[in-house]
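Below: one structure, written as structure tokens.
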Amino acid sequence: MSSKYLYPVDTDQFEDIRERGLLYVDKTSMLFDLVSKYRYVFLSRPRRFGKSLLCNTFRAYFNGQKELFEGLKIASLEKEWKKYPVLQFAMSGLKHLDLGEAREKLGLYIREYEQLYGCDNSGMSPGARFREVIHTAHAKSGEKVAIIIDEYDSPILALLHQPEERDAMRRMMREFFQVLKDEGAHIRFVFMTGITKFSQMSIFSELNNLKNISMMPEYSGLCGITKTELETTLRPHVADLAERMVCTTEEAYAKIKEYYDGYHFCEESEDIYAPYSLLNALNDGKVKEFWFESGTSSSLMENLKHYPLTTTFSYDGVDVNLKQFAIPCEEATTPMPLLFQSGYLSIDRYNREMDTYTLHFPNKEVRNGLIDSLMPLILHQTADDKESLVLNMTRCIYNGDLSGALHHLQAYIAGIPYDIITKEEWDDKEKREGFYKLLMYMVFSILTSKVRCESKCILGRADVVIATAKDVFVLELKVDDTVENALRQIDDKSYAIQWSADGRRVTKCGVRIDSERRNITEWRLVDENNETETRI
């Protein structure tokens with residue numbers, strides 16, 4: 001059954017979307033508000049979040065293409081519809097280029113506008129040529145210039161841990177961006193986007209009038225699909241999806257929320273859904289992981305290698321202040337700022353009294369995609385190894401057989417290279433235990449619809465909680481200790497009580513890890529009837 005609606009899954013061009021009659025969720029009142037209030041605007045959002053579409057919408061607006069905005073909110077707000085010269089640069093084209101190649105590519109971008117406005121300054125630096133284009137465009141049109149720069153950080157992101165190359169690229173880009181400050185008399189409006197906030201201070205140090213709207217509540221829904229938009233404008237589309245999935249509309253909403261919701265960009269942000277994945281789900285008639293299918297950020301994976309990979313998942317549920325996750329990434333000593341700014345972590349809640357934020361993986365799509373990408377790096381296992389483990393453990397978990405699943409996991413661990421954790425790390429009991437918690441978290445995250453690692457309760461933290469539709473398994477890990485002590489801790493700390501009344505079968509499991517054998521060597525299961533099972 002095909003959809004009765006048309007979705008913009010193959011284009012981010014505003015003009016194309018409007019002319020073809022594709023779905024467009026109206027953000028134009030916020031666009032008009034920005035243009036009315038500010039002249040220099042910066043917005044940080046994750047990849048595939050609609051930044052390029054927003055840039056192209058700004059371009060159409062400043063080009064005076066009134067006909068494209070008929071029926072949209074801005075049509076009743078804008079009275080003049082003046083046409084301005086527009087200079088737009090997509091800096092993603094400079095990604096993964098060395099300094100010489102990036103300089104040449106940037107020169108080609110500038111050359112298009114030199115030809116348009118009849119000037120030739122090819123012997124000058126990119127910044128000097130940019131300056132002359134602005135002057136010429138203003139002089140020939142009689143109107144100040146609108147400048148749109150998409151993904152400003154792309155040329156530098158891939159060089160984050162290459163200081164010499166990064167600083168050389170930054171110097172060239174700073175000379176280019178400095179023009180925006182110097183030529184304010186010729187500029188009507190500047191809009192810039194990026195994935196991360198890193199290097200913002202060092203690149204834009206002179207551009208002190210750049211308004212960062214990334215965490216302003218009134219613009220939290222400028223990119224992405226808000227909960228309100230999903231429940232109003234898109235309700236007929238969700239109903240169509242439900243029909244194609246052979247489920248109720250509310251069941252379709254629940255599935256969409258599980259996979260694509262969870263983004264909050266400030267303390268008062270409405271729920272934001274990932275637009276790329278949501279639109280693809282509506283188009284294809286199925287809910288699945290589209291974001292990582294479109295290409296995991298190779299730069300992110302490369303940058304994560306410079307941090308202890310086993311710490312990556314410890315930031316799921318971490319409480320931090322604003323400075324900790326908004327720090328420029330090249331100054332960070334942990335991957336947490338990069339994970340947040342790239343959209344792999346999001347704000348789950350804000351504690352106003354403590355002025356702290358709790359960060360979480362926003363949804364199942366992101367968590368599973370990140371685990372899929374990191375497992376080969378952390379465990380040095382092939383995709384086939386992982387898929388075989390997943391298949392075998394899935395059968396066991398969904399049949400309520402945790403013991404069988406642990407047998408498969410035990411065999412999998414036996415095949416992990418011996419040197420994956422250093423001797424120094426292995427001699428540290430806390431790091432040994434942390435490694436196995438991480439391993440179990442990654443494995444069970446792929447298998448189940450709901451997983452908690454270091455799950456908080458009133459008296460402490462359960463190491464791992466595995467939840468399916470029928471079962472809840474509460475696991476406590478002990479390194480060179482007994483399963484009896486592990487089970488005793490579950491009882492003493494009341495780890496399992498919070499699930500005792502929700503109708504699912506609750507099973508407690510103590511797991512022993514042997515540091516000499518480097519594997520799980522024993523576990524004991526105790527169900528709600530206090531029936532036990534021990535496996536060695």
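All of these numbers come straight from a predicted model, not from anything done at the bench.
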- [ ] Apply side-chain hydrogen bond (donor to acceptor under 3.5 Å, both in side chains) to Gln115 and Asp120, showing your working.
- [x] CA-CA 7 Å; Gln115 292 175 337; Asp120 184 2; over 6 Å; no

Task: Any donor-acceptor pair under 3.5 Å from Gln341 side chain to Gly343 backbone - done: no

Open item on the list: Tell me the closest heavy-atom pair linking Lys286 and Leu241, and the distance in Å.
Closed with: N-CD1, 3.8 Å

Open item on the list: Does the plane of the ring in Phe176 sit parallel, tilted or perpendicular to the ring in Phe130? Use 30° and 60° as the thresholds.
Closed with: parallel

Open item on the list: The criterion is side chain to side chain donor-acceptor pair (under 3.5 Å); which residues satisfy it with Asp284, sequence neighbours excluded?
Closed with: none

Task: Ionic contact status for Asp271 with Lys257, cut-off 4.0 Å - done: yes

Task: Distance (rounded to the nearest 0.5 Å) between Tyr260 OH and Lys364 NZ - done: 11.0 Å

Task: Exam field: side chain Asn212 to backbone Leu43, donor-acceptor pair closer than 3.5 Å - done: no

Open item on the list: If we count only N and O atoms by modelled type, under 3.5 Å, do the side chains of Asn351 and Thr356 hold a donor and an acceptor together?
Closed with: no

- [ ] Answer with yes or no after comparing the ring centroid distance for Phe340 and Tyr315 against a 6.0 Å cut-off, counting only values under it.
- [x] no

Open item on the list: Students often mix this up, so state it plainly: with edges at 30° and 60°, are the rings of His135 and His186 parallel, tilted or perpendicular?
Closed with: tilted

- [ ] Quick one: pull up CD1 in Ile156 and CE in Met172 and give me the separation to the nearest 0.5 Å.
- [x] 8.5 Å

Task: Heavy-atom check, side chain of Gln178 versus side chain of Lys181, under 4.5 Å - done: yes

- [ ] List the atom of Val145, the atom of His138, and the distance in Å for their closest heavy-atom pair.
- [x] CG2-N, 4.1 Å

TODO: Start with the C-alpha gap between Tyr61 and Leu31, add the side-chain angles, then the distance that decides, and say whether side chain to side chain contact (heavy atoms under 4.5 Å, CB included) holds.
DONE: CA-CA 9 Å; Tyr61 169 75; Leu31 181 149; 4.0 Å; yes

TODO: Verify the ring-centre separation between Phe62 and Phe189: is it less than 6.0 angstrom?
DONE: yes

TODO: Over all heavy atoms of both residues, which pair between Arg111 and Cys119 is shortest? Give the atoms and the distance, please.
DONE: NH1-O, 3.4 Å

TODO: State whether a side-chain donor-acceptor pair under 3.5 Å links Glu270 with Thr228.
DONE: yes

Task: Residues Arg174 and Asp167 bridged, charged N to O under 4.0 Å - done: no

Open item on the list: Check whether Thr193 reaches the backbone of Glu151 with its side chain - one donor and one acceptor, N or O, closer than 3.5 Å.
Closed with: yes

Open item on the list: Tell me whether Arg45 forms a cation-pi arrangement with Phe265, defined as NZ or CZ under 6.0 Å from the six-membered ring centre and within 45 degrees of its axis.
Closed with: yes

TODO: Assess the side chains of Ser52 and Asp150: does a donor N or O sit below 3.5 Å from an acceptor N or O?
DONE: yes

Task: Heavy-atom donor-acceptor pair, Arg18 side chain to Glu70 backbone, under 3.5 Å - done: yes

TODO: State, yes or no, whether a side-chain contact exists between Leu345 and Phe361 at a heavy-atom distance under 4.5 Å.
DONE: yes

- [ ] Evaluate the ring planes of Tyr5 and His237, with Trp represented by its six-membered ring, and classify them as parallel (under 30°), tilted (30 to 60°) or perpendicular (over 60°).
- [x] tilted

TODO: Look at the rings of Tyr263 and Trp291 and say which category their plane angle falls in: under 30° parallel, 30 to 60° tilted, over 60° perpendicular.
DONE: perpendicular

Open item on the list: Is it the case that the side chain of Lys79 and the backbone of Ser76 share a donor-acceptor pair, with hydrogens and angles ignored and the cut-off at 3.5 Å?
Closed with: yes

Open item on the list: Can you give me the closest heavy-atom contact between Ala252 and Ala242, atom names plus distance?
Closed with: CB-CB, 3.8 Å

TODO: Apply side chain to side chain donor-acceptor pair (under 3.5 Å) to Thr57 and list each qualifying residue two or more places apart in sequence or on a separate chain.
DONE: none

Open item on the list: Applying side chain to side chain contact (heavy atoms under 4.5 Å, CB included) to Phe58 and Phe14, what does each step give before you reach the verdict?
Closed with: CA-CA 9 Å; Phe58 271 113; Phe14 177 74; over 6 Å; no

- [ ] Side-chain contact test, heavy atoms from C-beta onward, threshold under 4.5 Å: evaluate it for Ile187 versus Lys144 and give yes or no.
- [x] no

Task: Under 3.5 Å donor-acceptor, Lys105 side chain and Gly93 backbone - done: yes

Task: Any side-chain heavy-atom pair of Leu304 and Leu339 under 4.5 Å - done: yes

Open item on the list: I'd like to know if the side chain of Lys27 and the backbone of Gly224 have a donor-acceptor N/O pair within less than 3.5 Å.
Closed with: yes

Task: From Leu222 atom CG to Leu54 atom CG, the distance as rounded to the nearest 0.5 Å - done: 4.5 Å

Open item on the list: For the backbone of Arg166 and the side chain of Arg171, can you confirm whether one donor and one acceptor N or O come within less than 3.5 Å of each other?
Closed with: no

Task: Straight-line distance of His96 NE2 to Leu157 CG, nearest 0.5 Å - done: 8.0 Å

TODO: For atom NZ of Lys323, decide whether the heavy atoms of other residues, nucleotides or ligands shown that lie under 6.0 angstrom number more than 12.
DONE: no

Task: Worked verdict on Tyr219 versus Asp33 for side-chain hydrogen bond (donor to acceptor under 3.5 Å, both in side chains) - done: CA-CA 10 Å; Tyr219 302 117; Asp33 188 63; 2.5 Å; yes

Open item on the list: In the structure I gave you, are the side-chain heavy atoms of Ile74 and Trp81 within less than 4.5 Å of one another anywhere?
Closed with: yes

TODO: Check whether any side-chain heavy atom of Asp261 lies under 4.5 Å from a side-chain heavy atom of Asn363, and answer yes or no.
DONE: no

Open item on the list: I'd like to know whether Leu234 forms a side chain to side chain contact (heavy atoms under 4.5 Å, CB included) with Ile225, so could you lay out the CA-CA distance, the side-chain angles of the two residues, the decisive distance to 0.1 Å, and finally the verdict.
Closed with: CA-CA 9 Å; Leu234 295 183; Ile225 305 297; 3.7 Å; yes

- [ ] Quick one: pull up NZ in Lys227 and OG in Ser269 and give me the separation to the nearest 0.5 Å.
- [x] 12.0 Å

Task: Heavy-atom side-chain proximity of Ser277 to Glu365 below 4.5 angstrom - done: yes

Task: Any donor-acceptor N/O pair, Glu258 side chain to Lys255 backbone, under 3.5 Å - done: no

Open item on the list: I'd like to check the ring pair (Phe, Tyr, Trp, His ring centres under 6.0 Å) partners of His360; sequence neighbours left out, ordered by chain and number.
Closed with: none

Open item on the list: Main chain of Ile195, side chain of Asp153: is a donor-acceptor contact present, judged purely on distance under 3.5 Å?
Closed with: yes

Open item on the list: To check you understand the geometry: which heavy-atom pair defines the closest contact between Leu77 and Phe32, and what is its length?
Closed with: O-CZ, 3.5 Å

Open item on the list: Assess, by modelled atom type and distance only, whether the side chains of Ser220 and Glu268 contain a donor and an acceptor separated by less than 3.5 Å.
Closed with: no

Open item on the list: Over 60° means perpendicular and under 30° means parallel, so tell me whether Tyr357 and Tyr350 are parallel, tilted or perpendicular.
Closed with: tilted

- [ ] Can you label the angle between the Phe89 ring and the Tyr109 ring as parallel, tilted or perpendicular, going by 30° and 60°?
- [x] tilted

Open item on the list: Looking at every heavy atom in both Pro155 and Leu94, which two are closest together, and how far apart are they?
Closed with: CG-CB, 3.8 Å

- [ ] State, yes or no, whether a side-chain contact exists between Arg59 and Gln13 at a heavy-atom distance under 4.5 Å.
- [x] yes

TODO: Evaluate the criterion side chain to side chain contact (heavy atoms under 4.5 Å, CB included) for residue pair Glu114 and Leu116; output intermediate values, then yes/no.
DONE: CA-CA 5 Å; Glu114 288 175 334; Leu116 178 63; over 6 Å; no

Open item on the list: Between Glu183 and Arg131, does any side-chain N to carboxylate O distance fall below 4.0 Å?
Closed with: yes

Open item on the list: Quick one about His264 and Asp348 (side-chain donor to acceptor, distance below 3.5 Å, no hydrogens or angles considered), yes or no?
Closed with: no

